[in-house]
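Working notes for the structure below.
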Amino acid sequence: MARVALVTGGTRGIGEAICLALRDAGCAVIANYVGSEERARAFTERTGIPAYRWNVADHQACLDGVAAVEAAHGPIEILVNNAGITRDATLLKMSFEMWKEVIEVNLGGCFNMAKAVFPGMRERQWGRIVNIGSINGQAGQIGQVNYAAAKSGIHGFTKALAQEGARFGVTVNAIAPGYIDTDMVAAVPANVLEKIVARIPVGRLGQAQEIARGVVFLCGEDAGFVTGSTLSINGGQHMY
Ligand code: CAA
């Protein structure tokens, strides 16, 4: 039986690439999304991957969403916490709402989704959780105290849950992408992005597929000894 994998924020950008890579690796993949229904429908038509709508920042919605997915497709054995947003501004201009929203989606979402799937994984003695962090959670970034704090939190969350899951065959790892060619990065002002790319030793933005490749590795049957780790995929921009 194919393992059931759920990818949050799975209908676009890095999430979409992860969905496709896990599918190609033989998983039965389900995407979660919160934004455009139309885009999600097009994604499902294009890929054959079902998409379920709920907000990962909403604790009850995560419990209900996971229950619905499991009723239709079977127990979730692989969770990729990929959903994330930016609300960039320097601290002076950042509102409390911008802070709260990013913390609740990017970090709260990991807690909410793990709460929903971890008990089953633990009971079945097998599971893979991959949390998508960020170079900016490792190194900080102008205009991102909210995002950097949330992503940095993800790295701590990963190490703590890895210790809880280890005895039960549940691995928990993080990937810290650098600047990847997605809509999120395209939203960075061009003059700023130019400066950032100039600091990437590989000399270019990353591709979403280059992150997905790392996810497939961490979710493998033979990756059971890899837990609590952070895999940096950033073109050499930050060596941690
Ligand atoms: N690196 C280098 N310099 C930067 C910078 C950065 N990341 N961000 C801002 N600056 C510089 C600007 O170039 C500018 O310099 P000059 O005065 O020499 O022109 C100065 O800081 C002030 O910046 P702005 O004029 O842009 O100030 P603002 O108040 O209008 O906007 C900002 C500030 C919102 C931080 C805006 O600069 C911005 O959006 N920066 C990008 C932040 C960023 O990198 N976000 C990452 C999004 S992608 C992501 O998060 C995915 C991931 O995980 C990697």
Quick one: does any side-chain atom of T171 pair with a main-chain N or O of T227 as donor and acceptor, under 3.5 Å?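 Answer holds: no.
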Taking the side chain from R122 and the backbone from G165, do they hold a donor-acceptor pair closer than 3.5 Å? no
Test side-chain contact (heavy atoms from CB on, under 4.5 Å), reference N146, set L107, V102, L91, output is V102
Nearest atoms (heavy-atom pairs only) where [X] meets [Y]:
{"X": "C19", "Y": "A31", "answer": "SG-CB, 3.9 Å"}
{"X": "S229", "Y": "N173", "answer": "OG-OD1, 2.8 Å"}
{"X": "C110", "Y": "F157", "answer": "O-CZ, 3.6 Å"}
{"X": "A17", "Y": "A208", "answer": "CB-CB, 3.6 Å"}
{"X": "C62", "Y": "M113", "answer": "SG-SD, 3.5 Å"}
{"X": "H73", "Y": "P50", "answer": "CE1-CG, 3.8 Å"}

Is there side-chain contact between [X] and [Y], with at least one heavy-atom pair below 4.5 Å?
{"X": "T47", "Y": "R23", "result": "yes"}
{"X": "W54", "Y": "V34", "result": "no"}
{"X": "M94", "Y": "T90", "result": "no"}
{"X": "R3", "Y": "E221", "result": "yes"}
{"X": "V105", "Y": "V56", "result": "yes"}
{"X": "N81", "Y": "F111", "result": "no"}
{"X": "V117", "Y": "L79", "result": "yes"}
{"X": "Q138", "Y": "S232", "result": "yes"}

Could [X] and [Y] be called an ion pair, given the rule that one side-chain N must be under 4.0 Å from one carboxylate O?
{"X": "E16", "Y": "R46", "answer": "yes"}
{"X": "E77", "Y": "R128", "answer": "no"}
{"X": "R87", "Y": "E97", "answer": "no"}

Side chains of N55 and Y33, donor plus acceptor under 3.5 Å: no
Membership question, hydrophobic clusters at under 4.5 Å side-chain separation (ILVMFWY): are I85 and I154 in the same one? no
Could you tell me the separation between the [atom1] atom of [X] and the [atom2] atom of [Y], rounded to the nearest 0.5 Å?
{"X": "E101", "Y": "T86", "atom1": "CD", "atom2": "OG1", "answer": "10.0 Å"}
{"X": "I30", "Y": "T44", "atom1": "CD1", "atom2": "OG1", "answer": "9.5 Å"}
{"X": "I135", "Y": "H238", "atom1": "CD1", "atom2": "NE2", "answer": "6.5 Å"}
{"X": "H59", "Y": "E104", "atom1": "NE2", "atom2": "CD", "answer": "13.0 Å"}

Evaluate I76 against E70 for side-chain contact (heavy atoms from CB on, under 4.5 Å), listing each step before the verdict. CA-CA 6 Å; I76 293 166; E70 293 196 329; 3.6 Å; yes
Under a single-linkage rule joining Ile, Leu, Val, Met, Phe, Trp and Tyr whose side-chain heavy atoms are separated by less than 4.5 Å, which residues share a cluster with F217? V7, I14, I18, L20, L22, V29, F43, I49, I78, V80, W126, V130, I132, I175, I180, I211, V215, V216, L218, V226, L231, I233
Residue E123 excluded, over 12 heavy atoms near CD under 6.0 Å: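 Incorrect, the count does not exceed 12.
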Solution key, residues 190-206 side-chain donor-acceptor pairs under 3.5 Å, sequence neighbours excluded:
{"unit_1": "R204", "atom_1": "NH1", "unit_2": "E210", "atom_2": "OE1", "d": "3.0"}
{"unit_1": "R204", "atom_1": "NH2", "unit_2": "E210", "atom_2": "OE2", "d": "2.8"}

By the definition side-chain hydrogen bond (donor to acceptor under 3.5 Å, both in side chains), identify the one residue from T230, N106, N82, T158 that meets it with N131.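 Among the candidates, only T158 passes.
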Evaluation steps, side-chain contact (heavy atoms from CB on, under 4.5 Å), between Q163 and V172: CA-CA 8 Å; Q163 293 180 38; V172 187; over 6 Å; no
